[in-house]
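To start, the structure itself, in structure tokens.
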Amino acid sequence: MGQDGFMAFKRSGAGGGALPTTNRLSGGRPPSGIPRGRQIQKTFNNLKITVLCGLVTILVLRGTIGVGNLGGSDAEAENQNLIEETNRILAEIRSDGDPSDPDDPAETEINPNITYTLGPKISNWNEERKAWLNNNPEFPNYISGKARILLVTGSPPNPCDNPIGDHYLLKAIKNKIDYCRIHGIEIVYNLAHLDKELAGYWAKLPLIRRLMLSHPEVEWIWWMDSDALFTDMVFEIPLSKYNGYNLVIHGYPDLLFEQKSWIALNTGSFLFRNCQWSLDLLDAWAPMGPKGPIRDEAGKILTANLKGRPAFEADDQSALIYLLMSKKEEWMNKVFIENSYYLHGYWAGLVDRYEEMIEKYHPGLGDERWPFVTHFVGCKPCGSYGDYPVERCLKSMERAFNFADNQVLKLYGFRHRGLLSPKIKRIRNETATPLEFVDQFDIRRPVRGGTDSKSHIMPHW
Amino acid sequence: MLERCLEARPVRQIHRALRHGKVALLCLFVTIIVLRSTIGAEKSGTPEQDFDEIRDHLHFRRRAEPRRVLEEAQTTDATNINNYNTFDPSKLMVDEEEDEKPDPNKPYSLGPKISGWDEQRANWLEKNPDFPNFIGPNKPRVLLVTGSSPKPCENPVGDHYLVKSIKNKIDYCRLHGIEIFYNMALLDAEMAGFWAKLPLIRKLLLSHPEVEFLWWMDSDAMFTDMAFEVPWQRYKDHNFVMHGWNEMVYDQKNWIGLNTGSFLLRNCQWSLDILDAWAPMGPKGKIRTEAGKILTRELKDRPVFEADDQSAMVYLLVTQRDKWGDKVYLESAYYLHGYWGILVDRYEEMIENYHPGLGDHRWPLVTHFVGCKPCGKFGDYPVERCLKQMDRAFNFGDNQILQIYGFTHKSLASRRVKRTRNETDNPLEVKDELGLLHPAFKAVKVSSS
């Protein structure tokens, strides 16, 4: 701005500026000098603009970097870094890639001409086992009149496709730990693929065989899927009912023999006696399992022969149904198809009725009034997609978990606030004589101990 | 002068207008910025979002790639209700009812004072011979207690590591005849966080008189020696066993002189009393914060934060040694708790030089990942180191289980397993190296019937 403008600026500031000044009245001064009034005005104006600019700057900085100090900005950046780091590692962990893989020799091709076997043929397992039990009395197959059961379950070794899947795996194993602690059952949780060829749902076959052969002291091996939850903590399997049988599985005989339905039986929860017959059945069951062309071809056969089966590779359940159906005379006399209680209970028909059950019935029944096991078939929470809406599945699993957990917490005087609530509330006040409640509420006491009159007979197989 | 004024006026007006304009513009700018950052413009974006966008555009940061990739993958199936990746877990759980408000005038207590617990328990055990407190000649009945939150972990892989951790504990406990209680319930809202174990332990002791020892173990601790059996006889005159050093606790008053991540507590009156003495620093809020200050002041090297159960125990023992000290055993001969930082890099060396069953620095019983916090968002250590080392520790322990069945992990970092022994047609002749298949500590008392 020239001298003129400068003068004009001052004057206009004096004339019509935002801040009234009295400098105008301070009288005339020689134009060459700068009147003090004008000077003050000028300063004022500059100050106004400076302040406004400063305010703008501060606001912009606040919005981006954070309130006041630099510490805030560090936390933000660190947060960001950590999230990214975690996600990178997460992606690495979830990938199937293994650091050692490149060093391994190329995997041998599965030769479809050689029949797959689970292991060398064993023909005298009953005798071997009997001899071992005689020689090892400190590892009996019956404890206090009850047969020794080993519950076997598992999940894939890598994290689920999404975190909620792992969370429900955790809840499911806690649920099983609770039931098994109350009923004196041991658990094996498998996280390893023992046999590359029999991966996925077939992985239970080599695992069951391996455990049977390593643990002759175990009388029954109980396979249970990771998506099956105990919902009756009091009910105990009536093993004496199965003295003449070696496989106990939930299903419906008419669906199996008449309708040839692919869901006639459920292999999500079943019991195998530790004996030669079971080893033979496993050997007969396995051939449809090896992944690749064998499993695919087998899938086609199964879809063709079983009612309602969609087209996909052979699964263990369809294969077992097909086996028992087609070789009925060979196997069925030792198979007990159980449906008087829910050794496997399909979840969809059960989960909405929990409140009704709580109102009308009580634990210990195991059937449709109070299901022993609620099995979330089709939900597949560890994968990316299920066969049902996710919200329905997860809410139902949460309800089933809490329904069961209430039965465990009863001993301690608590229950969940609601079937969807993770929080608990007291149902009994603390007392100075807690043992009276232990006598009343501990599930184990009336079931186990002393009064059992089962004899220590080795069942005939 | 009048002429000059007349001449100058338009110029003056222009300049005035200019100045007004400047001021007006600045004011407008200020207003917009304030509005954006306060009202939160999700559509038009906040300055922070602008900043992020500019940053992202200017610097191509490869590290941001995985997140963007994951996010992109997730948004493509937004409409599919069967898709787990688009599900929001916060919709899942319903918090019904209000929390009980504690009476501010009443001092906190874990429960009504119980005296004569030893007699009560002894009577019960006599009346219930089928639930003995000793399951073998020198083997007490032990209940291992651990737990985690009933809500999904904040860290996406946190739950996966909790699953691995509980599997690890299931394996050890199956081998050693120990029962497990996995807690997912907060029994007392006032004692949340690391203090939650106190009301839980008390409740379990009183509800399970048949249990002789309660073994608390953090969820971030793993068994790495499957063959080591705790020397129960050593503790026959003690009621509380923790890993630690007498000098560090009583002489140095060091806040990490002992560790409450893995300890044994006998089921008796003394234990109920020490729980009552331990609890007062726990109730959340003012009490815990103030107590934290006392602990930081009194204990060596303790950082400033609210009172935690471990520091409180150190303080309790230091100040009331005469009352409690004689029944507390600070064990340092084996790693009842083993700080992971000094152990995890040596696993290969251990495999080469030693064998399971030692439980000490040569082959630690427990590797405890203090500070890693895999379930939370932030730990005290880099995420990668923590998670990778947890994998290694898990595999190190798992190898000892797998070898029973003739398998082993391909490497300590690998999830995959390989055979170490071919299948045979004579499985009962096979003896596993460590003798864990039918170990002596699992043998059932042979009854005379």
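Each chain gets a letter, A, B and so on, in the order the sequences are listed, and its residues count up from 1.
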Measuring from [X]:[atom1] to [Y]:[atom2], what's the distance to the nearest 0.5 Å?
| X | Y | atom1 | atom2 | value |
| --- | --- | --- | --- | --- |
| A/D195 | B/F407 | CG | CZ | 7.5 Å |
| B/K22 | A/K48 | NZ | NZ | 11.0 Å |
| A/L211 | B/Y405 | CG | OH | 5.5 Å |
| A/I424 | B/L187 | CD1 | CG | 4.5 Å |
| B/N85 | A/I164 | CG | CD1 | 11.5 Å |
| A/L409 | B/S207 | CG | OG | 10.5 Å |

Heavy-atom distance under 4.5 Å to chain B: side chain of [X], backbone, both or neither?
| X | answer |
| --- | --- |
| A/N136 | neither |
| A/F401 | side chain |
| A/T431 | backbone |

Ignoring hydrogens and geometry, is there a side-chain-to-backbone donor-acceptor pair from [X] to [Y] under 3.5 Å?
| X | Y | result |
| --- | --- | --- |
| A/H167 | B/P150 | yes |
| A/R181 | B/E179 | no |
| A/K423 | B/A185 | no |

Practice task
Measure from NZ or CZ of B/K169 to the centre of the six-membered ring of A/Y189, then state whether that distance is under 6.0 Å and the direction lies within 45° of the axis.
Solution key: no
Exercise for the section: Start with the C-alpha distance between A/K174 and B/I166, add both sets of side-chain angles, then the distance that settles side-chain contact (heavy atoms from CB on, under 4.5 Å), and finish with yes or no. Expected result: CA-CA 9 Å; A/K174 169 198 157 57; B/I166 187 58; over 6 Å; no
Are [X] and [Y] side-chain neighbours, meaning at least one heavy-atom pair lies under 4.5 Å?
| X | Y | answer |
| --- | --- | --- |
| B/R202 | A/E430 | yes |
| A/L435 | B/W117 | yes |
| B/L26 | A/C53 | yes |
| A/E128 | B/N426 | yes |
| A/T433 | B/I114 | no |
| A/P157 | B/R416 | no |
| B/C27 | A/L52 | yes |
| B/M93 | A/L420 | no |

What are the two closest heavy atoms between [X] and [Y], and how far apart are they?
| X | Y | value |
| --- | --- | --- |
| A/L170 | B/D159 | CD2-OD1, 3.9 Å |
| A/W125 | B/P427 | CZ3-CG, 3.9 Å |
| B/F394 | A/L191 | CZ-CD1, 3.8 Å |
| A/D166 | B/V163 | O-CG2, 3.7 Å |
| B/Q120 | A/A432 | NE2-O, 3.5 Å |

Practice task
Measure centre to centre between the rings of A/Y168 and B/Y84, then say whether the value is under 6.0 Å.
Solution key: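 Not close enough - the centres of the two rings lie 6.0 Å or further apart.
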Handout entry: Most chain B-contacting option - heavy-atom pairs closer than 4.5 Å, from A/P140, A/C379, A/P381
Key =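 Highest number of heavy-atom pairs under 4.5 Å: A/P381.
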Practice task
Could you label the plane-to-plane angle of the A/H215 and B/H438 rings as parallel, tilted or perpendicular, counting under 30° as parallel and over 60° as perpendicular?
Solution key: perpendicular
Problem - B/F181 and A/Y412 aromatic ring geometry - parallel, tilted or perpendicular at 30°/60° bounds - result: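 The rings of A/Y412 and B/F181 stand perpendicular, inter-plane angle above 60°.
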Handout entry: Derivation and outcome, side-chain contact (heavy atoms from CB on, under 4.5 Å), residues B/I81 and A/E391
Key = CA-CA 8 Å; B/I81 50 171; A/E391 189 164 348; over 6 Å; no
Exercise for the section: Please determine if A/E186 and B/K442 form a salt bridge, counting it only when a charged side-chain N lies under 4.0 Å from a carboxylate O. Expected result: yes
Practice task
Show your working on side-chain contact (heavy atoms from CB on, under 4.5 Å) between A/D439 and B/K127 and close with a plain yes or no.
Solution key: CA-CA 11 Å; A/D439 286 345; B/K127 287 205 218 102; 5.8 Å; no
Completion exercise
Cut-off 4.5 Å, heavy atoms of chain A, and the answer for B/D432 is neither
Exercise for the section: Decide side-chain contact (heavy atoms from CB on, under 4.5 Å) for B/D425 and A/K121; before the verdict, give the C-alpha distance in whole Å, the side-chain angles of both, and the deciding distance to 0.1 Å. Expected result: CA-CA 6 Å; B/D425 58 357; A/K121 180 89 185 122; over 6 Å; no
